[in-house]
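Here the structure comes first, spelled out in structure tokens, and everything after it is commentary.
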Amino acid sequence: MLRYFWILLFSLNVSAQVSKTNRPALIPLPNKLEWKEGSFDLKSYKAIVAVDAKLRGNAILLQKYLESRGIRIPIVRENNDKLPAIILETSSFASHEAYRLDVGPKAIQVKASGDAGMFYGIQTLKQLVGNANKIGECHIEDAPAFAWRGYMIDAGRNFMPMDLLKQQIDVMASYKLNIFHFHFTEDIAWRLESKLYPQLTNPETMIRNKGQFYTQNDLKELIAYCRARQITLIPEIDMPGHSAAFKRAMKVDMQSDSGLIIVKNIIKEFCATYDVEYLHIGADEVKITNKNFLPEVTALIEQLGKKVIGWEPGGNFTELTIRQLWMEGATKVSANPNIKYIDSRHLYLNHMDPLESIATIFHRKIANLDKGNSAALGGIICMWPDRRVNIPQDVFTQNPVYPAMLAFAERSWKGGGLEGWQANIGLKGSTEAIAFSEFENRLLLHKKLHFSNIPFPYVKQSSSTWKLYGPYENGGDLNKQFDPEYPAFDVNKTPVLTAVGGTLILRHWWAPQVKGLLEAPQENTTWYAVTQIWSNENKVQDFWIGFNNISRSYASSSPKSGTWDNRNSAVYVNNQLIPPPVWKQAGMEGDLEKPLIDEGYEFRAPTKIQLKKGWNKIVVKLPIASFRGIDWKNPEKWMFTVVPWR
């Protein structure tokens with residue numbers, strides 16, 4: 001299965017093209033890309049020349065890819081005038097991840113100073129291969145803006161089988177992500193085998209997926225699998241917090257004297273067993289009752305030759321501990337040039353709906369910098385499926401794992417982005433909206449080519465333009481009607497603002513840190529969003545429609561029967577009210593142990609809407625009372641999604 005996926009992922013058929021250029025869409029887009037006029041048949045190339053024996057592994061990778069396309073080219077050490085040839089060559093670059101790629105009539109030449117750069121050059125070369133095995137003449141010079149470009153999966157709460165872990169690693173590799181952060185111990189379950197303490201993985205200590213864990217051989221296999229793809233696996237053993245499973249198994253608290261002894265033994269066993277450079281110790285969301293706990297485990301890990309990573313805000317770390325930022329308050333770390341850090345702030349995919357996630361990540365300025373430095377290593381997007389799922393695949397249907405992975409690959413490789421944290425595409429005609437549309441075109445092409453059989457919850461949204469009218473004071477009456485709701489309303493009336501997107505967020509639940517569309521949102525008001533959609537015929541069209549994207553980390557309640565959300569939001573098409581879905585769990589009180597079934601538009605059947613031939617008017621009603629949710633588990637994220645589903 002995995003071999004098939006690997007071949008499928010790189011079997012790039014660019015018969016579907018971007019714009020009128022007949023050129024493939026590259027993700028991440030190289031820093032320097034010059035297209036020329038020529039186009040060549042790969043079958044005409046006579047040899048893969050790997051001058052340096054160290055390049056043979058990458059040469060074999062390229063050879064196997066070409067064989068998957070029906071092209072057999074031998075690998076040789078010297079060219080011997082077998083032209084044209086594909087030449088892999090070691091050269092001097094400032095970064096070991098940099099590469100240069102030239103496609104010409106006599107040679108395709110890939111140069112890099114290290115294995116990583118050569119690997120990335122080959123990934124780009126694969127993306128350049130077009131229909132009928134044609135490749136266009138071009139010159140590329142490329143290197144990443146950030147050294148750490150990562151993705152994290154929490155398999156402690158919901159066990160993730162090995163084939164799905166490898167699937168994620170394969171996608172990471174193809175898009176030049178290089179850090180796989182693997183979180184496998186949690187309150188729910190401890191999911192890594194220990195020969196010293198086998199009771200850690202006893203089924204009775206686990207709340208979910210009882211008895212499912214990773215053997216020592218499993219983790220060794222994953223480490224090697226990552227290394228072969230230029231990816232560093234960062235294991236996380238959370239301590240002393242998120243350790244209820246440890247306490248159930250060992251009958252002691254980690255921070256007790258006896259607990260600390262056990263933890264140290266686990267660390268010694270771990271460091272002796274696995275060939276890894278780093279050990280992530282978590283250390284967040286916990287009251288430190290033993291001030292010596294973290295200093296002692298940190299000193300031990302460093303003594304055993306590993307580097308320590310911890311969450312910030314977190315425990316009492318040393319300056320040598322690499323910090324992974326997860327809250328805005330963690331910015332104090334960046335003021336200390338002696339502390340290395342990774343940015344994961346507002347990069348939790350479980351808190352984002354699919355369309356929001358791509359806009360947020362594409363616009364994101366990692367570490368508030370255009371590129372990394374000796375302290376700002378880069379960023380990691382995180383997948384925390386806190387809520388129980390019915391099957392592991394639900395993690396991919398309920399969360400924008402792969403669309404976000406590609407967007408983060410683009411941003412972390414190229415650097416740049418916008419100041420602040422922006423959750424929308426932008427206003428119509430804005431520079432950021434135009435840039436997003438260009439990236440979206442490339443993203444959707446990759447979706448079509450490589451993810452037809454893999455969940456990829458994303459559809460085109462940059463062509464959706466909305467006029468927003470408001471605010472109308474509703475006095476707390478969410479049913480109160482205003483002009484845009486009536487059939488006579490003039491859709492050509494000048495709006496307060498015009499925005500682009502299938503999902504629009506008026507006010508984020510993390511305002512003001514995360515920017516919504518409204519500069520000064522007000523409670524007890526109603527806004528309306530209006531657009532028109534053209535149809536060439538009378539037809540039933542599928543739509544994604546939603547008003548309350550439930551975070552997969554909160555114990556959020558399901559919508560009540562007969563409602564879209566708890567704000568009385570509504571949508572009208574051609575003046576006809578569109579009824580909400582018949583919820584399968586209507587009104588169910590939030591519970592992390594009860595899986596979501598149809599609460600999100602991305603994992604339920606699309607809403608079917610009758611369109612007429614010609615222009616169709618869509619009006620979305622967006623009332624709100626208080627910005628405070630009924631409790632912390634049900635925050636108010638003032639937003640809507642209405643977009644044609646294709």
Side-chain donor-acceptor pair under 3.5 Å between [X] and [Y], yes or no?
X	Y	value
Glu89	Gln109	yes
Tyr151	Gln168	yes
Gln123	Tyr99	no

Are there over 12 heavy-atom neighbours, none belonging to Lys460, within less than 6.0 Å of that residue's NZ?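 Counting neighbours around NZ of Lys460, more than 12 heavy atoms of other residues, nucleotides or ligands fall under 6.0 Å, so yes.
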Counting only heavy atoms from other residues, nucleotides and ligands, does the tally under 6.0 Å from NZ of Lys306 exceed 12?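 Atom NZ in Lys306 is crowded, with more than 12 foreign heavy atoms closer than 6.0 Å.
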Glu67 and Arg72: salt bridge (charged side-chain N to carboxylate O under 4.0 Å, His left out), yes or no, with the steps? CA-CA 5 Å; Glu67 286 178 355; Arg72 296 187 177 275; 3.8 Å; yes
Tyr601 and ring-ring contact (aromatic ring centres under 6.0 Å, His included): which single residue from Trp544, Tyr458, Trp645 fits?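 With Tyr601 as partner, Trp544, Tyr458, Trp645 yield a single ring-ring contact (aromatic ring centres under 6.0 Å, His included), made by Trp544.
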Aromatic plane relationship, [Y] with [X] - under 30° parallel, 30 to 60° tilted, over 60° perpendicular:
X	Y	answer
His450	His446	perpendicular
Trp413	Tyr120	perpendicular
Trp311	Trp384	tilted

Short side-chain to backbone donor-acceptor contact, [X] and [Y], under 3.5 Å:
X	Y	answer
Asn31	Ala143	yes
Lys340	Ser374	yes
Ser344	Trp326	no
Gln230	Ala173	no

Does the side chain to side chain donor-acceptor pair (under 3.5 Å) test come out yes or no for Ser174 and Lys126, once each step is laid out? CA-CA 9 Å; Ser174 67; Lys126 292 172 179 176; over 6 Å; no
In a table with atom names and distances, give each donor-acceptor pair under 3.5 Å that connects a side chain of residues 356-364 to protein atoms at least two apart or in another chain.
from, atom 1, to, atom 2, distance (Å)
Glu356, OE1, Asp353, N, 3.3
Glu356, OE1, Lys637, NZ, 2.7
Glu356, OE2, His508, NE2, 3.2
Glu356, OE2, Lys637, NZ, 3.4
Ser357, OG, Pro354, O, 2.7
Thr360, OG1, Glu356, O, 3.1
His363, NE2, Asn424, O, 3.4
His363, NE2, Ile425, O, 2.9
Arg364, NH1, Arg345, O, 2.4
Arg364, NH2, Asp343, OD1, 3.3
Arg364, NH2, Asp343, OD2, 2.9
Arg364, NH2, Arg345, O, 3.1

Can you list the steps and then say if Glu97 with Lys176 is a salt bridge (charged side-chain N to carboxylate O under 4.0 Å, His left out)? CA-CA 10 Å; Glu97 294 187 301; Lys176 306 184 178 72; over 6 Å; no
Got a salt bridge between Asp115 and Lys54, using NZ or NE/NH1/NH2 to carboxylate O under 4.0 Å?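 Looking at Lys54 together with Asp115, the answer is no, because their closest N to O distance does not fall below 4.0 Å.
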Is the shortest distance from a Lys or Arg side-chain nitrogen in Glu34 or Lys36 to a carboxylate oxygen in the other one below 4.0 Å?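 Looking at Lys36 together with Glu34, the answer is no, because their closest N to O distance does not fall below 4.0 Å.
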Start with the C-alpha distance between Trp510 and Tyr348, add both sets of side-chain angles, then the distance that settles ring-ring contact (aromatic ring centres under 6.0 Å, His included), and finish with yes or no. CA-CA 13 Å; Trp510 289 322; Tyr348 284 15; 8.1 Å; no
Checking Lys447 against Phe456: charged group under 6.0 Å from the ring centre and within 45 degrees of the axis?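 Because its charged atom misses either the 6.0 Å distance or the 45° angle limit, Lys447 does not stack over Phe456.
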